[in-house]
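Values below: every heavy atom of this structure, side chains too, minus hydrogens, waters and symmetry copies.
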Amino acid sequence: MKAKKFLIYFYYLLFWLFFFEIARIYFLLFNLNEIQGAGFWNICASFIHGFKLDLSMVSYIGFFATPLFIISAFFKTHKVLKISLDIYTGILIAVFSLIIIGDAEIYKYWGFRLDDTPLQYLNTPSVLSSSTSNWRFVLLVFLYLDLALGMFWIYYLCIGKKIKKLKPEKFWAAFYLLIAGLLIIPIRGGVGIVPINVGSAYFSDNMVLNHAGINVVWNTGASLFADDIDFKSYEYFDEDELNEKFKLLHESPDSVIKVLDRKPKKIIFVILESFAEKPINLKEPENSVTKKLLEYSDTGILFTDCYSNGDRSEKGLVSLFSSVPTLPAYSVMKDPRKSQKLPSLISKLVENGYKSSFYYGGDINFSNMNSYLKHAGFQNIVSYNNLNLDCYETKWGYHDECMFNLFFDNIRATDDTSVFVLFTLSSHEPYDVPIVGPYGDKTELQRSQNAYYYTDSCLNVFLTDLKNSPDWDNSLVILVSDHGSRYGGVEVWDKQKFHIYMLWTGGAISCEPFVYNQTVDQSDISASLLSQLGINHDEFIFSEDVFSKYVPNAFFAFNHGYGFIKYPRWVVYDINNKDIVHRGWDSEELDDLAKAYAQKLAEYYKKLGE
């Protein structure tokens with residue numbers, strides 16, 4: 001009987017090990033399209049390489065369950081252990097199952113395993129479900145209940161039921177205490193100096209298989225207790241070497257291009273949600289899903305090699321208006337203490353006589369957006385929160401056609417020198433737009449194409465009306481994406497995911513239309529625009545005036561790494577592997593430049609917190 005009592009403890013640990021292997025199967029089944037062609041044995045390898053993280057998480061669970069076993073040993077009845085362990089296990093299964101199903105679902109959109117990111121949106125809980133259609137949400141609830149109830153049933157049959165037959169023994173209390181101490185070893189991943197991290201699950205060139213090896217519950221817990229930025233991980237060079245390399249990466253032959261010969265009365269930004277270059281398809285216009293947008297390509301300055309700095313909307317807005325790129329797994333907008341210290345393009349324009357307005361059809365409190373926009377200098381913020389429009393709505397808010405109509409009317413009604421910004425939302429998943437275009441709406445790809453088509457048609461109406469109005473002749477219109485997307489299944493780290501659209505047009509453009517085919521990114525807008533207006537832009541240290549440099553740079557960050565582009569060369573660094581993992585042709589010379597840029601960026605964020 002004593003042996004059985006002791007074995008129950010190990011059965012309990014084995015149950016959790018089984019639970020996490022089932023969780024990995026759920027993830028793989030959810031993402032079958034991502035692992036096609038990977039091979040059976042490579043898929044099996046994700047279980048092997050993920051075992052250490054699984055064991056670490058199981059050991060955490062066992063460590064905190066040990067007091068229940070110790071305390072129950074001093075009672076004469078088995079009920080103390082059974083009731084307490086049932087409650088403890090039930091709560092963990094309920095929470096872990098939610099993490100597992102949520103992670104498996106959002107991976108296809110985000111391309112990284114779940115961490116603490118969803119918790120950063122708890123102040124606007126509606127956005128957590130806005131990317132999922134109703135029928136899909138019902139399916140996810142069913143799968144959640146299936147996993148949670150199924151696993152608790154297995155626990156009850158294999159462990160809970162057997163506890164009833166056990167008689168408490170004080171003999172084992174000291175032994176349980178010893179085992180709890182030994183569990184520290186697998187919790188840390190061994191006896192070495194460096195504790196376990198998600199990099200231990202990486203083994204393949206296929207990033208999805210590496211991600212499959214990650215224990216998502218462990219990953220979520222680790223991110224909750226991690227610092228906002230691990231500044232030490234970006235300490236590649238000493239100060240002198242860093243400054244030398246940072247200066248080197250900005251070196252470029254001079255180029256002087258004048259695109260504005262007067263101060264535009266109205267500067268109009270249209271930020272296009274998720275408008276990656278791939279669905280726009282500048283190179284193969286016959287395959288574009290935004291054909292109306294392509295008609296404007298020869299009306300101004302078309303940037304054909306433009307990149308977003310991040311992969312989420314709040315990161316894109318900071319890059320666009322503060323010209324500070326993001327770092328992996330970090331969003332400064334969610335930290336008002338730091339974001340209020342950022343420089344702002346809008347504030348510079350306001351200081352020079354412009355009035356400012358921001359329009360968004362959704363919840364302006366999303367991801368601390370309202371706080372950031374106010375600190376950025378927007379004097380008038382129009383959103384779902386203060387509108388009452390009689391028009392189509394999506395889960396995110398008012399559809400684009402409603403907001404474009406309002407936006408145009410307000411531009412026309414304003415005589416002041418002003419900067420206007422509209423942030424669209426209909427091309428965000430779940431792509432529930434009010435029309436069915438030529439692409440259908442059966443598959444995820446078709447729905448996204450349909451949404452791009454819809455926003456394209458709304459944008460075309462707006463641009464046509466604006467072009468036919470008296471405001472066009474003295475307006476600068478900047479069309480730019482907030483970030484790219486995984487359209488067509490591109491990898492989360494692939495520079496193609498960050499390749500976005502940007503066009504400067506409007507009657508205020510003084511030069512002949514041309515194609516700017518050098519590499520630029522979102523953060524370059526501030527220096528480039530302010531320079532044309534004759535306004536100092538020294539505080540925007542990560543922004544390059546692309547009209548005075550022939551070979552600018554681009555930097556982008558994703559959840560577990562960052563990339564650097566200096567056309568035609570590019571590199572991608574993985575912070576988990578702590579190494580360059582992807583590199584373009586003849587791009588070795590960029591390795592140190594990429595690290596120098598990331599280190600300088602990390603130091604900048606560190607100073608914001610001081």
For residues 85-94, run the donor-acceptor check on the side chains, cut-off 3.5 Å, and write out each pair with its distance to 0.1 Å, sequence neighbours left out.
from, atom 1, to, atom 2, distance (Å)
D86, OD1, Y155, OH, 2.6
D86, OD2, K82, NZ, 2.6
Y88, OH, I61, O, 2.8
T89, OG1, Y12, OH, 2.7
T89, OG1, L85, O, 2.7

Handout entry: Results of side chain to side chain contact (heavy atoms under 4.5 Å, CB included) for C391 - residues two or more places apart only
Key = L389, Y398, C402
Exercise for the section: Please check if the side chain of Q449 supplies one atom and the backbone of V289 the other of a donor-acceptor pair under 3.5 Å. Expected result: no
Exercise for the section: Would you please indicate yes or no on a ring centroid separation below 6.0 angstrom for H399 and Y454? Expected result: yes
Fill in the blank from the handout: Across all chains, not counting sequence neighbours, the side chain to side chain contact (heavy atoms under 4.5 Å, CB included) partners of W41 are C44
Practice task
State which residues pass ring pair (Phe, Tyr, Trp, His ring centres under 6.0 Å) with Y360; sequence neighbours excluded, sorted by chain then number.
Solution key: F423
Exercise for the section: State, with a plain yes or no, whether a side-chain heavy atom of L177 is found less than 4.5 Å away from one of T66. Expected result: no
Handout entry: pair Y501-E277: side-chain heavy atoms closer than 4.5 Å
Key = no
Exercise for the section: Determine, stepwise, if the pair V572 / I580 fulfils side chain to side chain contact (heavy atoms under 4.5 Å, CB included). Expected result: CA-CA 6 Å; V572 175; I580 299 291; over 6 Å; no
Fill in the blank from the handout: Output for pair (I101 CD1, L145 CG), nearest 0.5 Å, gives 9.5 Å
Handout entry: Closest approach of S313 to E273 (non-hydrogen atoms, all atoms of both residues)
Key = OG-OE1, 3.2 Å
Exercise for the section: Could you tell me whether R447 and E429 have a side-chain N and a carboxylate O separated by less than 4.0 Å? Expected result: no
Handout entry: Residue pairs involving residues 58-72 (criterion salt bridge (charged side-chain N to carboxylate O under 4.0 Å, His left out); sequence neighbours excluded)
Key = none
Handout entry: Value rounded to 0.5 Å, distance of CG in D441 from CG in N450
Key = 6.5 Å
Problem - Aromatic ring proximity, centroids under 6.0 angstrom, W16 and F19 - result: yes
Practice task
Specify the closest pair of heavy atoms between N385 and G362, including all atoms of both residues, with the distance to one decimal.
Solution key: OD1-O, 3.6 Å
Exercise for the section: Mind running side chain to side chain contact (heavy atoms under 4.5 Å, CB included) on L272 and D482 for me, showing each step along the way? Expected result: CA-CA 6 Å; L272 299 164; D482 63 335; over 6 Å; no
Practice task
Would you check if the side chain of N386 reaches a backbone N or O of S383 as a donor-acceptor pair within less than 3.5 Å?
Solution key: yes
Handout entry: For H560 against V492, the heavy-atom pair lying closest together
Key = NE2-CG1, 4.1 Å
Exercise for the section: Scan F558, F27, Y107 and name whichever one has a ring pair (Phe, Tyr, Trp, His ring centres under 6.0 Å) with H211. Expected result: Y107
Fill in the blank from the handout: Rounded to the nearest 0.5 Å, the CH2 atom of W396 sits from the CG atom of D432 at a distance of 10.5 Å
Problem - W570 ring center near F556 ring center (under 6.0 Å) - result: no
Practice task
Tell me whether the centres of the aromatic rings in H483 and F498 are closer together than 6.0 Å.
Solution key: no
Problem - Whether S56 side chain and I187 backbone form a donor-acceptor pair below 3.5 Å - result: yes
Problem - Check: Q446 side chain, T443 main-chain N or O, donor-acceptor pair, under 3.5 Å - result: yes
Problem - Partner set under ring pair (Phe, Tyr, Trp, His ring centres under 6.0 Å) for F555, not counting sequence neighbours - result: Y562, Y597
Handout entry: side chain to side chain contact (heavy atoms under 4.5 Å, CB included) against T290, all qualifying residues, sequence neighbours excluded
Key = F275, I280, S288, L293, Y452, D456
Problem - Results of side chain to side chain donor-acceptor pair (under 3.5 Å) for T455 - residues two or more places apart only - result: D400
Exercise for the section: Applying side chain to side chain contact (heavy atoms under 4.5 Å, CB included), name anything that partners D494, two or more places apart in sequence or on another chain. Expected result: E491, Q496
Problem - OH/Y573: more than 12 non-hydrogen atoms of other groups inside 6.0 Å - result: yes
Problem - Side-chain heavy atoms of H499 within contact of K278, under 4.5 Å - result: no
Practice task
Would you check if M57 and F96 make a side-chain contact, meaning some heavy-atom pair closer than 4.5 Å?
Solution key: yes
Exercise for the section: Could you tell me whether the side chain of D574 and the main chain of N576 form a donor-acceptor pair under 3.5 Å? Expected result: yes
Handout entry: T394 vs L425 side-chain heavy atoms within contact, under 4.5 Å
Key = yes
Practice task
With rounding to the nearest 0.5 Å, note down the distance linking CD1 in I100 to CZ in F30.
Solution key: 11.0 Å
Completion exercise
residues 47-56 vs salt bridge (charged side-chain N to carboxylate O under 4.0 Å, His left out), sequence neighbours excluded, gives R24-D54
Handout entry: Derivation and outcome, side chain to side chain donor-acceptor pair (under 3.5 Å), residues E393 and Y384
Key = CA-CA 10 Å; E393 292 188 34; Y384 188 85; 3.0 Å; yes
Exercise for the section: List in chain and number order the residues that pass salt bridge (Lys or Arg N to Asp or Glu O under 4.0 Å) with D103, two or more places apart in sequence or in another chain; answer none if no residue qualifies. Expected result: R113
Practice task
For T424 and M403, run side chain to side chain contact (heavy atoms under 4.5 Å, CB included): C-alpha distance rounded to whole Å, both residues' side-chain angles, the deciding distance at 0.1 Å, then the answer.
Solution key: CA-CA 8 Å; T424 69; M403 296 306 297; over 6 Å; no
Exercise for the section: Could you go through the side chain to side chain contact (heavy atoms under 4.5 Å, CB included) check for F47 and L28 one step at a time? Expected result: CA-CA 11 Å; F47 288 81; L28 291 168; 3.6 Å; yes
Problem - From I25 atom CD1 to F20 atom CZ, the distance as rounded to the nearest 0.5 Å - result: 14.0 Å
Handout entry: Electrostatic pair K315:D311 at N-O distance under 4.0 angstrom
Key = yes
Problem - Where G484 and I500 come nearest, the two heavy atoms and their spacing - result: N-CG2, 3.6 Å
Exercise for the section: Find out whether V332 and T326 are in side-chain contact, i.e. whether some heavy atom of one side chain is under 4.5 Å from a heavy atom of the other. Expected result: no
Handout entry: pair P434-E401: side-chain heavy atoms closer than 4.5 Å
Key = yes
Fill in the blank from the handout: By side chain to side chain donor-acceptor pair (under 3.5 Å), Y372 pairs with (sequence neighbours left out) S322
Handout entry: Heavy-atom pair of closest approach, residues A557 and P328
Key = CB-N, 3.8 Å
Handout entry: Distance-minimising heavy-atom pair for I99 and T220
Key = CG2-OG1, 3.8 Å
Exercise for the section: Using a 4.5 Å cut-off on heavy atoms from C-beta on, say whether the side chain of I8 contacts that of F69. Expected result: yes
Problem - Side-chain donor/acceptor of Q522 to backbone N/O of S481, under 3.5 Å - result: yes
Exercise for the section: Output the distance between atom CZ (F18) and atom OH (Y11), rounded to the nearest 0.5 Å. Expected result: 15.5 Å
